[in-house]
Amino acid sequence: MQYWLMKSEPDAFSIDDLARVNIEPWDGVRNYQARNMLRDQMQVGDQVFFYHSNCDVPGIVGIAEIAKAGYPDDTACNPDAKYYDPKSTSENPRWYRVDVKFVRKLKRTISLNELKVHPALTEMPLVRKGNRLSVTPVASQHWHDILGLE
DNA sequence: GCCAACGTTGGC
DNA sequence: GCCAACGTTGGC
C-alpha cells in the first residue's frame with residue numbers, strides 16, 4: 001500500500017465536502033506527472049492526505065483513501081466542462097482520474113508551516129520550493145511522522 | 001530543438 | 001493582489 005497527498009482548494013472542494021459526498025471522482029487533473037500517478041500507481045486502499053491549498057492556513061486537514069484505481073477522465077471530452085481538452089477522446093483518453101473516499105478529518109489542521117519546519121520532513125516534495133504538483137507520493141515514514149503531529 | 005511568451009499554481 | 005516557479009505552446 002502506498003501513501004499520497006492530494007491538494008484541493010477548499011473554496012472549490014473541501015474536506016467537509018468530501019465528508020458529505022463520501023466518494024468523489026478526482027477529475028480535472030491536467031498535468032502529465034500527476035496523470036501518470038493517477039493512471040499507473042494509485043491502488044484501491046492507498047491512503048491519502050487531503051491538503052487545503054490557496055486558503056488562510058494551507059495544510060493537511062484529513063485522510064482519504066483510493067476507492068477506485070485510475071480510469072479515463074471523460075470530463076476532458078466534454079466541450080462544456082471546465083477542463084475540456086479537445087485532444088482527448090474516449091477512444092484514446094489523455095487524462096485519468098481516481099475515486100477518492102472520505103476516511104476522517106484530522107483533529108486539527110497540520111499546517112504547511114509546521115511541515116516546513118519539521119526536521120524529518122525536509123525531503124517531502126510538498127515543502128520543497130516551487131512544487132506545484134497537485135498529487136504527490138508520501139513516504140511511509142513521513143506519513144507516520146505527520147500523523148504523530150496530530 | 002531552442003527559447004520567449006504566456007498561463008497556472010499557490011504561498012504570502 | 002503580487003510574484004516566483006514551473007509547465008506548455010508555438011514560431012523559427
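Computed from a predicted model, the values in this text were never measured in an experiment. Every chain is numbered from 1 and lettered A, B, ... according to where its sequence line falls, protein lines coming before strand lines.
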Checklist line | Below 4.0 Å: OP1/OP2 of C/dA4 and any side-chain N or O of A/K129 | finding: no
Notebook entry, point to check: Is a salt bridge present between A/D27 and A/R97, judged by a nitrogen-to-oxygen distance below 4.0 Å?
Noted result: yes
Check: Do the side-chain N or O atoms of A/Y51 get closer than 4.0 angstrom to the phosphate oxygens (OP1, OP2) of B/dG11?
Finding: yes
Check: What's the closest nucleotide to the A/Y32 side chain, out of C/dT8, B/dG10, C/dG7?
Finding: C/dT8
Checklist line | Pair A/D73 + A/R35: basic N to acidic O under 4.0 Å | finding: no
Check: Which residue, A/N54 or A/G130, contacts DNA chain C at a nucleotide closer to its 5' end, judged by nearest heavy atom?
Finding: A/N54
Notebook entry, point to check: Under the 4.5 Å side-chain heavy-atom rule for ILVMFWY, direct or indirect, which residues accompany A/V127?
Noted result: A/M1, A/Y3, A/L5, A/F49, A/Y51, A/I60, A/I63, A/V103, A/L106, A/I110, A/L112, A/L115, A/L121, A/M124, A/L126, A/V138, A/W143, A/I146, A/L147, A/L149
Check: Rounded to the Å, how far apart are A/N131 CG and B/dG11 P?
Finding: 10 Å
Check: Where along residues 107-116 of chain A does a heavy atom come under 4.0 Å from DNA chain B, residue by residue in number order?
Finding: A/L112, A/K116
Next item on the list: To the nearest Å, give me how far apart CG (A/L126) and P (C/dC6) are.
Entry: 14 Å
Next item on the list: For residues A/W95 and A/Y32, establish whether the separation of their ring centroids is below 6.0 Å.
Entry: yes
Checklist line | For the student: nearest non-hydrogen atoms of A/H142 and A/A120, plus distance | finding: NE2-O, 3.2 Å
Margin query: Would A/D40 and A/Y96 count as a side-chain hydrogen bond (donor to acceptor under 3.5 Å, both in side chains) here? Give the steps.
Written below: CA-CA 10 Å; A/D40 305 330; A/Y96 282 72; over 6 Å; no
Notebook entry, point to check: Could you give the CG-to-P distance, from A/N31 to C/dG7, as a whole number of Å?
Noted result: 8 Å
